Each structure stands twice: as structure tokens, then as C-alpha cells.
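Taking it in order: structure first as C-alpha cells, then the write-up.
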4 protein chains.
Amino acid sequence: MCSRTSPRTSRTGRPRSTEADAAILEATRAALVELGWSKLTMGDVATRAGVAKTTLYRRWANKSELVVDAVAVLFDELELPDLGSLRADIEHVVLQFAALLERPETKTALMAVVAESTRDEPLRERIRCSIVDRQKRLVLDGRRRAQLRGELPVDRDPVTVEATDGLIFDVIAGAVVHRALVSAEPVDADWVGRLSALLVGGLGAVAAAP
Amino acid sequence: MCSRTSPRTSRTGRPRSTEADAAILEATRAALVELGWSKLTMGDVATRAGVAKTTLYRRWANKSELVVDAVAVLFDELELPDLGSLRADIEHVVLQFAALLERPETKTALMAVVAESTRDEPLRERIRCSIVDRQKRLVLDGRRRAQLRGELPVDRDPVTVEATDGLIFDVIAGAVVHRALVSAEPVDADWVGRLSALLVGGLGAVAAAP
Amino acid sequence: MCSRTSPRTSRTGRPRSTEADAAILEATRAALVELGWSKLTMGDVATRAGVAKTTLYRRWANKSELVVDAVAVLFDELELPDLGSLRADIEHVVLQFAALLERPETKTALMAVVAESTRDEPLRERIRCSIVDRQKRLVLDGRRRAQLRGELPVDRDPVTVEATDGLIFDVIAGAVVHRALVSAEPVDADWVGRLSALLVGGLGAVAAAP
Amino acid sequence: MCSRTSPRTSRTGRPRSTEADAAILEATRAALVELGWSKLTMGDVATRAGVAKTTLYRRWANKSELVVDAVAVLFDELELPDLGSLRADIEHVVLQFAALLERPETKTALMAVVAESTRDEPLRERIRCSIVDRQKRLVLDGRRRAQLRGELPVDRDPVTVEATDGLIFDVIAGAVVHRALVSAEPVDADWVGRLSALLVGGLGAVAAAP
DNA sequence: GCCTAACCGAGACGGTACGTCAGGTCTTACA
DNA sequence: TGTAAGACCTGACGTACCGTCTCGGTTAGGC
């Protein structure tokens, strides 16, 4: 799963233009900013990229897959520098993620492709590989680091570990997304502080009495 | 805000058919189940409801607003019976909400209208009134009940209260939505138990050391 | 065959715009003049007519049928005034037909739709009704008139009559079309005179010795 | 005009494959039979011929010119054996030409390229050289033979001769084409007999009284 | 018991975007 | 230089929905 090996194995014929690839993804992000998801059209993206519509369809089956790829790269910016404590790490990553969600291209695109993916298994897979997994590793790193610091106990059961990692991921990402897009209220320092306190407290309590 | 007074004040002429209203909303839900959000069309809904397209547009400005109204009523099913403890209450509401999100009509529609609302203020308002506020009251009730039981301290500062209520709401709703739709993994008893433990522990810790 | 009763029997709904019909046919002729058959596009015709493309496709299944209808009306201009002799009548109708074929819209369209009709039975039928039959009556009238004048004998056998009418029609129309479009040489008075002489002579000889 | 010298004079580099030429023309005829003119595509012809599209375009400027060349060779089959009388000769050539026009590849292609040629001078020239002139010589031969037999007088005026030859050609070819493709009725022995009688009678009458 | 305003169905209307297809060109690697 | 393969741009295709409009006809009040 999440195979990175491109399906292109043909050795003959004119090779695909890598410049076109880049131009298309860039144009897609620009169109998302200007028009939003629902008014973005394949034809417009093609025009912006200085490329024919067929060149888009040769690479992506539909608008959703194109947008996932266009947005995915933005999630590479997320980083987790060691700030000395679990709570500081959490606050930092939440703020980073919130900043990403404030960008117009992600704000309008993320929920749209998730909505689309509820009826499109290949798209769901693509989202998992391109977006979800890139975020999940941050939780992993943060947890390991907190264990090294002694802030969290070292759990030997891999099932429990994975379940807790997944839970924390869904709670953090879900809360930020819900706050930003559904409740439509700002993810500010105060809110982030409360969330971090809740999580650190909760993790501590759970660790103390499983 | 959230005015329930319909803009229709005309007292003369033939009144609108309430049967048509019901048939349209029912047809919309059926179409969502069969086709999903992106393949649902106004014309198809009209046909299913045995109604002319004009009759739809006389009542709703566009597809998004129609779908919000069609789905909103489902959120009335959410209830919060007193199960004797904060943790039991949380587990119950999470499971209820997850069951709601498993229904194909909500699964495909909810994220779609949220995505649409990022660029449509009136729609955002309609979602808040029809869907978000209906859920938020459950958090309010649950918190009050836990305070009566003595599980949570009684906070006198209304600002803190509202902030915490909002946080808990975003955490619960966000986590469930993210688990169900983004991570695309089941919201089962195990996961719900872990989430409830985390929240109860976190609330306790935060209450102990603000 | 050649039913003139329109297939539209629906009594409900908005009736079709007759102005649109006229504007489309007019625009089609204009486009034929400017662009010729192969560069004429449905979209361009729609734009010229100030009409949506769907409005064209609601009336005509394809470019060929549209062009047949647009050009057919021009064949109504053909007339057969009594010029006193069979030969004069023939010369007149040939010149008229040649003038029609010189018009850029017919020149470019006629052979094209005939070519298309070799693989399209409904189109062939449409051409027969809209174009061929309108020309054939001229032969009928001319023959009757010549018989009244005593220039041709009155044949009692309807089979022979119809066969000869058909032959004369194919010879006249075919010769003019071939001269004008295939040989690409002018249909001038000299050529018309020779053709008429050949035909009158031939008809006389055939009548004398069946 | 009608130069047969190919424009290729380069003597260096890899020479063009003559097998490819033959395969392409054969594939074009096959495609005409199966698909007809308007659905024949250059890409499909290339595939059938086992050749790249570039190879087609290196030899022919466009679809029309390719089809003219593919069909032209079929007109070489037309012959004019001496059957002993002008009328028999005419009947024979008409039946031959009719048989040629019945073949699906010519039926669909001939009128199409003629239609195309009304707006394309080079194509018109190519049709004249490759198709029209090959047929015209049959009229010449038939006339000379009839003069030798004494069926037709020997006209000394070359202008009159050429005009009459051209007329007869347009009448015969035009009548057959019109009968077969426009009237869409069979060119059978009865019809051919009537046409021949008309022509022989007409030529006789014209010769008797110029 | 009629008037009349607003409703209703049907379906045509001008648009916009779709995803596909063909035409004709260009770019590879190879012969 | 010719060739097969296949990507490229251009532009038209015919379809699907959008949201609006125009019909003929219906249905409740209010008079």
C-alpha cells in the first residue's frame, strides 16, 4: 500500500513532461485560493498551467485526485522540533496544523476531498497515503520523545501503543479541523492551551490508572 | 440569529404545499443514500419527490441549503439519557454520534456542506443553526449533570465555562468525525472507551490544577 | 413517408421558440458561406444565432440534419415558368439549378450531406423529402407541359412514365452537379444549350422508336 | 499539371519504406469500408497499417488527400472493351461505373472528397488528376471508336469535340452518381438501357441537326 | 360563488463544465 | 534521415446540470 512506484514503465515514446506536472499542481493551488473547491474547473487549471486539458486527464482521473496531490505537498511543511516538554510539543504542532488549515487552499479543499472519498475507495487510499500518514508520524515522534523524557511510561504492548497513537491523532487533528471549519472559530493560543492541558492531563491520568 | 421565522409573510394567494416540503426532504435523503452528495442533482430530487424543479428553487437557493435542511432533522435523534456517570454519558453520546455518521446520507453530506460553507457565509450560518447548535446543547447538559453529581467542580466564570464547553464539543465531535471519515476506521467500543477515559481524566486533571 | 407532422405533441411545458428555429437556420447558412461544411461547428452556429448549444441539439440530432434543413428552403426558389417550348423550359431550369449550386452555402453543403447519407438512412430520407422531391416535381411539370404542347407523346403506361421522369431528373441534376462540382467547370449558356439539345433530341428519338 | 514526379528528391538518409505506402493505402480502404468517411481517423489508419501517425503525415497533408489516393487506384479497373456498337459500349461503361460506386469505399468517399474540394484548390487538382481524368479517357475512346464504326460523324472542330466529350462525360458520370447516391435507387439493366437509348438518340439527333 | 394572487407541473431556455476524441506537431530512442 | 511510440496543444464534440423562464392550469383564501 501507498506504493510510490509509478505505473509508468513504458520506455518508448515521448516521456511525460515533468515541468507540466509542476505547473499543473501549482496552478491547482492558485485556483483553489482564488475560486475554492466547487468553482475550480479542470479547464481553468489547464489554462493557468499553460497546458491542455488532456494532459491533466492523462495524469489524474478526476478533480479530487488532482487536488489531493496539489494539497498533499503542503503537509510536508509540518515539523516537530523538540521544545523540551510534551505540552510544548503538542501546542506547537496544533498551532502549525491550524496555520495550515487557515490557508485558503487547504481550508476549501480538505473537507471537500474527504467528503468525496466517502464514496470513492481509491481516493480514500490516496488521501491516506498522501495526507493522513504524513501527519500521523508527528504523533509517533512526539510520543517517543515524551517517553524518552520520562513524561510518559513505556508501554510494551504494541496494540495499545498503536491504538493510543491513533486516538491522539484523531483527537488532535479532529479537534482542530472541527474548531476551524465546523465551529468556524479561531484556533488561538488560549484554545490551544486548553486543548494541550486537556490532552496532557488525560494522558497522565490514563497512564496512571489504565 | 438562527431566526426560525420564515421570510414568507404573504397572506394572499395559494399557500405552499407542506406535503411538497416533506416529499422533497425525504427525496433528498433518499438521493443522498443512493447517489452521494456529488452525484445528487436538483432535477433528480424533484423527480423523486414528484415535484417540479421550480418548486425546489422556490424554497431553497441551492443544493447545499437543501441538503443541510434534509440532514438537519436527523440530528434531532441525538439524546442524552442520564446513565449515572460522566464517563457513561460521554460513551453513550459518542456512540450515538458515530451511528449517525455511519448512515450513508450523513456520511456523504456532512463534510460536503462544511467544505462548501468555507466560501459561503449564509450556508455557514445555516449549518450552525441547524446542525452544530443541536449538538452543542448535549455538551451543556452533560456538563451540568456531572456538576450536579459532583464529578466536576462548579466554575463561576462564564467565560471559562463556555470556552471549556466549546473545547469539549470540538474534541468529541472532531475526534469522531476524523476517526470515521478521515482515518476511515471504526468507532467501536474499544476506541470509545479510550476516548472517554482520556476526556474524563483530562477534565479531572484540568479541574484539579487549572 | 415525408411526414410533415412534427413529432412534438406535448401540450404541457414551455413551447419551443420559433424565433430560435429561424435564427438557427439563418445562422447555419451564414456559417456555411463563411466557413464551409467541414469547418462549420455546432457551437459556432449556436453563438451566431444567439442560442445555447442545447437548443440546437434539442431540434437536430447532428450537423448533417441541421444543414439539410437550412439548405432545403433554398430549393423552394426553383420555379418552372412556361417559356413556350420544352427546350426553353429545360434551359431555364438548368440555369436556375446551376445558379443555386453556385451559391457557396449549397456548393459546400450538398455533396457533404449526400456523402454522409451513404451511411445514415434517416438522413437519406430527410434529404429525399426536403431536397430531392422538391426538385423532382419540376420534371413532372415540364413533361406534362410538353405533352400538352404536343412536343412529347402521351404515354399511358405509368411505369414507363415514372421511369422516364426519374431518368431525366437524374440526368439533368446529375449532369449539372457533376459539371459544377466534380469537373469544376462553368455551367454557361453554351453548355446548357448543348445539354438541352442532347436531351430534347434524345427524348424525341426515344419517343419515335421505343 | 498532374505532375507525377514526387517532391522527394533527397538522396541521403534512410529511404522511405514502399511497403508502408502500400499498407497505408490498403488500411485506408479497409477503414473506409468499415467506418465510412466521417468516422475514419488518421490514428486508426496508422494502427491498421502498423505504422506511426508521423509516417502518414510525412506523405499526405491530410485525410482528404490520403483518401483520394487510396480510392484513385480503384478507377484504374474501368475498361472499355469494344462491344461492337456505341450503345453497347455505353451500357458497359455505365454498369462498370455503377459497380464501382456500389463498393462501400467509393460510395462513402467520393462525394466526401468532392465536397471537401469545393474549398480546397489543391485537393480539387488532385481529384482531377487522380480520378476525373482517368474516367474521361473512356469517353474519348468510346467516341473515337463510334466514329470509326461510322455511328457518329467526324467533327473537325476541336472545340466542339472537346465540349461534346465533356458534356457526355458529365451526363454519364453525373447521372450514375446522382441515381446511385442522391436518388438512392439501383442502377439496373432497365435504367441503363433507358439512359443509353437517350444518349445514343440524343447524339444522333444533335449530329443530324447541329 | 366568484376573484385573484400565488401556487403547481412541465419543459424549453442560455449557460458552464464535463470528459472524450481527432487533428496535426513534437520529442524521445532506435535503426 | 526514417521510424514507432506516445505525449503534446488545440479545438470540437455531445451530454449533464445549473438556475431561470414561460406556458397552461390549479387551489385556497377574501370578498
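The structure presented is a predicted model; accordingly, all values stated were derived computationally and were not measured.
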- Query: Taking side chain as C-beta onward, heavy atoms only, is Val73(C) less than 4.5 Å from Arg29(C)?
  - Reply: yes
- Residue met sooner reading DNA chain E from 5', once Asp21(C) and Asp44(D) are mapped to nucleotides: Asp21(C)
- Query: When all nucleic acid strands are considered with a 4.0 Å heavy-atom cut-off, which category describes Lys53(B): base, sugar-phosphate, or nothing?
  - Reply: base
- Message: On DNA chain F, does the nearest nucleotide to Ala61(B) precede the nearest nucleotide to Gly13(A) from the 5' side, or the other way round? Give the residue.
- Response: Gly13(A)
- Assign each of Lys63(C) and Thr18(A) to its nearest nucleotide of DNA chain F by heavy atoms, then name whichever residue's nucleotide is nearer the 5' end. Thr18(A)
- Query: Just how far is it from atom OG of Ser64(C) to atom CZ of Arg119(C), taken to the nearest 0.5 Å?
  - Reply: 14.0 Å
- Message: Let me confirm one number: the CG-OH distance from Leu66(B) to Tyr57(B), rounded to the nearest 0.5 Å.
- Response: 9.5 Å
Reckon [X] has a side-chain N or O less than 4.0 Å from the OP1 or OP2 of [N]?
| X | N | value |
| --- | --- | --- |
| Arg14(B) | dG29(F) | no |
| Arg16(C) | dG11(E) | no |
| Arg11(C) | dG24(F) | no |
| Arg59(A) | dC8(F) | yes |
| Thr54(C) | dG15(E) | no |

Output the rounded distance in Å from [atom1] ([X]) to [atom2] ([N]).
| X | N | atom1 | atom2 | answer |
| --- | --- | --- | --- | --- |
| Ile24(B) | dG9(E) | CD1 | C1' | 13 Å |
| Tyr57(C) | dA12(F) | OH | P | 12 Å |
| Leu40(C) | dG14(F) | CG | P | 12 Å |
| Arg48(A) | dC9(F) | CZ | P | 17 Å |
| Met42(C) | dC13(F) | CE | P | 7 Å |
| Glu65(A) | dG19(E) | CD | P | 12 Å |
| Arg58(C) | dC17(F) | CZ | C1' | 12 Å |

- Item | Heavy-atom pair of closest approach, residues Val71(B) and Ala109(B) | CG2-CB, 3.9 Å
